[in-house]
Amino acid sequence: MHRMGGTSRSYAWGSSRAIPELLGASPGEEPVAELWFGAHVSAPSPVVDVDGCADLAALIASDPSATLGEDVRARFGDALPYLLKLIAPERPLSLQVHPHAARAREGYDREQTAGIPVDAHNRSYRDRNHKPELVLALAPFEALCGFRAPRRAAELFEGLSAPLAKELRALLVAEPSVAGVRAAFTFLLDPVTRPSGYDVEVLAQECEARLASGSTSPRADSTVALLARAYPGDPGVVASLLLNPVSLQPGEALFVPAGGVHAYLSGLGIEIMASSDNVLRAGLTSKHVDTAELLACVDYVAAPPIRTAPEVFHGATRVFYAPVDDFELSVTDLTDDAVHPLPGRGPRTLVCLEGQITVTSEVDALTLARGDAAFVPSSEGRLSAQGAGVLIQADVP
């Protein structure tokens, strides 16, 4: 087992306090939007006391058979298939979609051929992988995810006098189906039909006025008001009315499939995803926007958000199984001094969120305190844990 650190990502929407305080560290001045634990080329985690290997990617490359195991290598090649993160949005982040695997391969190869550097601001595809993801709330977590039923979306525009509201409602009423959702969403984001900042502001002000006078849809209107303050004039403000609102309480999880349009608004959580940094944005951001690519990748079918309920493993562990092969997430809550087996196999990543826990493999043992993280190679075999605290584990199904 190898101790490792997390790699901080200081995006403007992040909190300077939430993640450091969670891990028992002092907050700094820079926001810590995300803390990555993984081997992705964009930000591999540093490893401690491993000769010749400065980070987890190098450690895996030094012995893929021992670190990953032959089953994982056969399915995913010589790369860790998942990326574990802590995420702390203090203000809303971008309206976005993650691509399916085939689209990611095509997009990455296209941008490589065009000579766009992988770390360039205007790059959309930073790797050839898809990026389904699951977020588990550690504090109340607010998000938008997937499309509302078109009739419900049309109701939210009803009674608004703003020309933009009338136009969007007409599209949804004319085709109360996938076609209507696609038409309304495309109308808002496509550069050809994209409304002006003024038109967006007029509609947002109406929603705010409706909220103040006793809205029948206060949650939808308050989201519009929140986004309008953060990103005035951005069509993503209005697009929020097409999307499902999601509120997660601590311990609740949301799965976002590739193709699922979403935006995280606030909170603190654990994210696990396929090992990818492919994000297609269309608004609510100062980063690179690739509207055409996003619109081509979106799944327009209206459906409720996918909430993932955990299964209990040996009493102390909740396991969140996602409908993908790349990852699974477990949370072990220990309150006694008994030895508890941990689920999972293959390459595992551990992060201690509370207390002090000793993890024992078939060949080694390691004690983790609050804020500590470790990588467990496949060759270590089965794991067990003992102590008092909370342990997060990422592994491969």
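Side chains included, hydrogens not; waters and symmetry mates left out as well; all remaining heavy atoms used.
Remark: the backbone N or O of Arg210 is paired with a side-chain donor or acceptor of Ser213 at under 3.5 angstrom. Between the side chain of Glu271 and the backbone N or O of Val135 there is no donor-acceptor pair closer than 3.5 Å. Of the possible donor and acceptor atoms, none in the side chain of His100 sits under 3.5 Å from a partner among the backbone N and O of Ala102. A distance-only check finds no donor-acceptor pair linking the side chain of Ser94 to the backbone of Ala282 [under 3.5 Å]. At least one donor-acceptor pair under 3.5 Å links the side chain of Arg126 to the backbone N or O of Val118. Although no hydrogens or angles enter the test, the distance criterion places no donor-acceptor pair under 3.5 Å between the side chain of Gln356 and the main chain of Ala369. Using a distance-only test at 3.5 Å, with no hydrogens or angles considered, a donor-acceptor pair links the side chain of Glu111 to the main chain of Tyr125. At least one donor-acceptor pair under 3.5 Å links the side chain of Arg382 to the backbone N or O of Gly344. Looking at Asn244, its side chain does come within 3.5 Å of a backbone N or O of Cys145 through a donor-acceptor pair.
Leu95 places none of its side-chain heavy atoms less than 4.5 Å from the side chain of Tyr231. The shortest distance between side-chain heavy atoms of Leu342 and Leu391 falls below 4.5 Å. Between Arg348 and Gln393, some side-chain heavy-atom pair lies under the 4.5 Å cut-off. A heavy-atom distance below 4.5 Å is found between the side chains of Pro347 and Val72. Contact check for Arg123 versus Tyr108: side-chain heavy atoms found under the 4.5 Å cut-off. Between Val331 and Phe320 the shortest side-chain heavy-atom distance falls below 4.5 Å. Residues Ile270 and Val351 have side chains not in contact (no heavy-atom distance under 4.5 Å, counting atoms from C-beta outward). Side-chain contact between Asp325 and Phe76: present, with at least one pair of heavy atoms (C-beta onward) separated by less than 4.5 Å.
There is no path of hydrophobic side-chain contacts, each under 4.5 Å, that joins Val261 to Val289. Under the 4.5 Å side-chain heavy-atom criterion for ILVMFWY residues, no single connected hydrophobic cluster contains both Leu265 and Phe141. Placement of Ile87 and Leu254 within a single hydrophobic cluster is found when ILVMFWY residues are connected by side-chain heavy-atom separations under 4.5 Å, directly or transitively. Tracing side-chain contacts under 4.5 Å through hydrophobic residues (I, L, V, M, F, W, Y), one reaches Ile19 starting from Leu138; they form part of the same cluster. The hydrophobic cluster containing Met273 does not contain Val396, counting ILVMFWY residues as joined when their side-chain heavy atoms lie under 4.5 angstrom apart, directly or transitively.
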ask   = Where do Leu171 and Phe185 land on the side-chain contact (heavy atoms from CB on, under 4.5 Å) test, with the steps shown first?
value = CA-CA 10 Å; Leu171 291 172; Phe185 193 65; over 6 Å; no
query = Would Arg229 and Arg91 count as a side-chain contact (heavy atoms from CB on, under 4.5 Å) if you check the C-alpha gap in whole Å, the side-chain angles of each, and the deciding distance to 0.1 Å?
reply = CA-CA 10 Å; Arg229 289 192 295 271; Arg91 63 193 294 256; over 6 Å; no
message = For a side-chain contact (heavy atoms from CB on, under 4.5 Å) check, start with the C-alpha distance between His130 and His98, then their side-chain angles and the critical distance, and finish with the verdict.
response = CA-CA 7 Å; His130 66 165; His98 305 307; over 6 Å; no
task = Step by step, work out the side-chain hydrogen bond (donor to acceptor under 3.5 Å, both in side chains) result for Ser247 and Arg219.
result = CA-CA 11 Å; Ser247 292; Arg219 190 174 183 185; 2.4 Å; yes
request  = Take His340 and Thr317 through the test side-chain contact (heavy atoms from CB on, under 4.5 Å) and record every step on the way to the result.
outcome  = CA-CA 9 Å; His340 294 267; Thr317 302; 5.8 Å; no
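Between atom CZ of residue Arg281 and atom CD of residue Gln96 there is a gap of 6.5 Å, rounded to the nearest 0.5 Å. Considering CG of Leu168 and CG of Leu241, their distance stands at 8.5 Å, rounded to 0.5 Å. Annotation: the span from Asn129 atom CG to Asp277 atom CG amounts to 11.0 Å, rounded to 0.5 Å. One finds the CG atom of Leu83 at 9.0 Å from the OG atom of Ser276 (value rounded to the nearest 0.5 Å). Phe157 contributes atom CZ, which lies 7.0 Å from atom CG of Leu164 (distance to the nearest 0.5 angstrom). Taking OG of Ser378 as the reference point, atom CZ of Arg345 lies at 8.5 Å (rounded to 0.5 Å).
Between Leu329 and Leu134, the closest heavy-atom pair is CD2-CD2, 4.0 Å. For the residue pair Gly236 and Leu227, the shortest heavy atom distance occurs at O-CD1, 4.1 Å. Across all their heavy atoms, Pro195 and Leu188 have their closest contact at CD-O, 3.4 Å. Nearest heavy atoms, Ala104 versus Pro99: CB-CG, 4.0 Å. Residues Leu56 and Leu80 come closest through the heavy atom pair CD2-CD2, 4.1 Å. Shortest non-hydrogen contact noted between Met4 and Ala374 is CE-O, 3.9 Å.
Defined by atom type and a distance below 3.5 Å, a donor-acceptor pair is present between the side-chain atoms of Asn278 and Asp127. Side-chain contact, Arg194 with Thr291: no donor N or O sits under 3.5 Å from an acceptor N or O. For the 3.5 Å distance criterion, the side chains of Ser16 and Glu29 fail to qualify, holding no donor opposite an acceptor. When only modelled atom types and interatomic distance are considered, Glu206 and Ser161 share a side-chain donor-acceptor pair under 3.5 Å. Side-chain contact, Ser124 with Arg110: no donor N or O sits under 3.5 Å from an acceptor N or O.
By the 4.0 Å N-to-carboxylate-O rule, Arg73 lies close enough to Asp78 to be salt-bridged with it. Under a 4.0 Å N-O distance rule, the pair Glu155/Arg148 does not qualify as a salt bridge. Salt-bridge check for Glu175 with Arg182: failed, with every basic side-chain N at 4.0 Å or more from each acidic carboxylate O. Between Asp71 and Arg75, at least one side-chain nitrogen of the basic residue sits less than 4.0 Å from a carboxylate oxygen of the acidic one, meeting the salt-bridge criterion.
By the neighbour-count criterion of 12 heavy atoms within 6.0 Å, atom CZ of Arg307 is densely surrounded, having more than that number from other residues, nucleotides or ligands. Other residues, nucleotides and ligands contribute only 12 or fewer heavy atoms inside 6.0 Å of the CZ atom of Arg17. For NZ of Lys287, the number of neighbouring non-hydrogen atoms (other residues, nucleotides, ligands) closer than 6.0 Å is greater than 12.
Considering Val363, Leu366, Thr360 in turn, Leu366 is the only one that fulfils the side-chain contact (heavy atoms from CB on, under 4.5 Å) rule with Met1. Residue Leu86 is tested with Leu268, Leu22, Val32 for a side-chain contact (heavy atoms from CB on, under 4.5 Å); the sole match is Leu22.
Using a 30° and 60° split on the angle between ring planes, Trp13 and Tyr11 fall in the tilted class, from 30° to 60°. Using cut-offs of 30° and 60° on the angle between ring planes, the pair Phe255 and Phe327 is tilted.
Phe375 and Phe37 have their aromatic ring centers separated by at least 6.0 angstrom.
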